[in-house]
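Below: one structure, written as C-alpha cells.
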Amino acid sequence: MDRTTREVRRAELLAWIAKTHHLQRRMMRVFGVLAVLAAGLWLWNGTAGGFALVCVALVAIASFWITAAHNAAHQQKLAELDRIERNDGKPFQTAHRRWHRPPPGPEIRPQQPR
C-alpha cells in the first residue's frame, strides 16, 4: 500500500467518522423529540405511552450502539494504517500458521468402524 493510497484511505475513514458523529447528533434530537411525545402519550394513556417510550428507548439504544460500533471499526482501521505507516508501508507479518497446526498434546485418531 503506497503513501497516497494510505492518505486517501485515511481521509475516507475520517470523513466516515465525521458523518457518523453528525448522524448521532441528529439521532439524539430525533429521539429526544420522540421521547417527549411518548412521555406526553404516557400522561394521556399510560399503557400506550409506556409502550411507545420503551420502543423509542430500545430503538435509540440499538441505533447508538450500531453507530458507535461503526466508529470503533473506523478507528481500528485508522490505527492499522498508523501501524503500517510506522512499518515503512509494509503490512505486518502475522503468525497465522500457529492457528493451522494441531494443538500440542496426544494425538487423537478417529476409531475405525468394526
Side-chain angles (χ1 to χ4, degrees):
M1 180 180 285
D2 64 343
R3 185 171 185 83
T4 56
T5 305
R6 286 192 307 269
E7 290 172 359
V8 168
R9 182 69 174 147
R10 179 181 309 284
E12 183 181 33
L13 288 169
L14 289 172
W16 286 348
I17 290 170
K19 286 180 185 178
T20 306
H21 281 302
H22 177 71
L23 176 63
Q24 285 179 330
R25 286 191 299 274
R26 190 170 28 167
M27 284 190 315
M28 193 180 326
R29 289 190 297 266
V30 169
F31 287 129
V33 170
L34 289 176
V36 168
L37 290 174
L41 181 61
W42 182 46
L43 294 174
W44 181 65
N45 182 347
T47 305
F51 180 73
L53 204 53
V54 168
C55 288
V56 168
L58 287 175
V59 172
I61 289 170
S63 299
F64 281 100
W65 190 347
I66 290 168
T67 54
H70 283 141
N71 269 350
H74 299 326
Q75 293 288 348
Q76 185 177 5
K77 291 290 185 184
L78 282 173
E80 184 179 332
L81 286 175
D82 289 339
R83 285 192 303 270
I84 291 172
E85 184 75 29
R86 287 192 304 268
N87 197 29
D88 297 326
K90 296 178 286 189
F92 287 105
Q93 297 282 334
T94 59
H96 67 280
R97 287 188 178 92
R98 69 179 174 176
W99 302 110
H100 297 290
R101 66 177 179 223
E107 186 176 330
I108 299 173
R109 296 182 186 185
Q111 293 181 351
Q112 298 294 327
R114 295 182 185 176

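Residue numbers count from 1 along this sequence. Worth knowing before you read on, the calculation uses all heavy atoms, side chains too, and leaves out hydrogens, waters and symmetry mates.
Residues meeting the side-chain hydrogen bond (donor to acceptor under 3.5 Å, both in side chains) test with Q75, sequence neighbours left out: none.
Rounding to the nearest 0.5 angstrom, the gap separating the NZ atom in K77 from the CG atom in L13 is 8.5 Å. Rounded to the nearest 0.5 angstrom, R10 CZ and E85 CD are separated by 6.5 Å. Rounded to the nearest 0.5 Å, atoms CG (N71) and NZ (K19) are 13.0 Å apart.
Proximity of L37 to V33: side-chain heavy atoms (C-beta onward) are separated by under 4.5 Å at one or more points. Side-chain atoms of H21 and R25, non-hydrogen and from C-beta on, do get closer than 4.5 Å to each other.
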Extract all donor-acceptor atom pairs below 3.5 Å that involve side chains of residues 43-65 and protein atoms in other chains or at least two apart in sequence.
unit_1	atom_1	unit_2	atom_2	d
N45	OD1	T47	N	3.4
S63	OG	V59	O	2.7

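No continuous path of hydrophobic side-chain contacts links L23 to I66 [ILVMFWY only; heavy atoms under 4.5 Å]. Residues V36 and L34 fall into different hydrophobic clusters, defined by Ile, Leu, Val, Met, Phe, Trp and Tyr side chains chained together at heavy-atom separations under 4.5 Å. F31 and L41 end up in different hydrophobic clusters when Ile, Leu, Val, Met, Phe, Trp and Tyr side chains are linked at under 4.5 Å.
Ion pairing of E12 with R9 is present here, as a side-chain N (NZ or NE/NH1/NH2) and a carboxylate O approach within less than 4.0 Å.
I17 approaches L78 most closely through the heavy-atom pair CD1-CD1, 3.7 Å.
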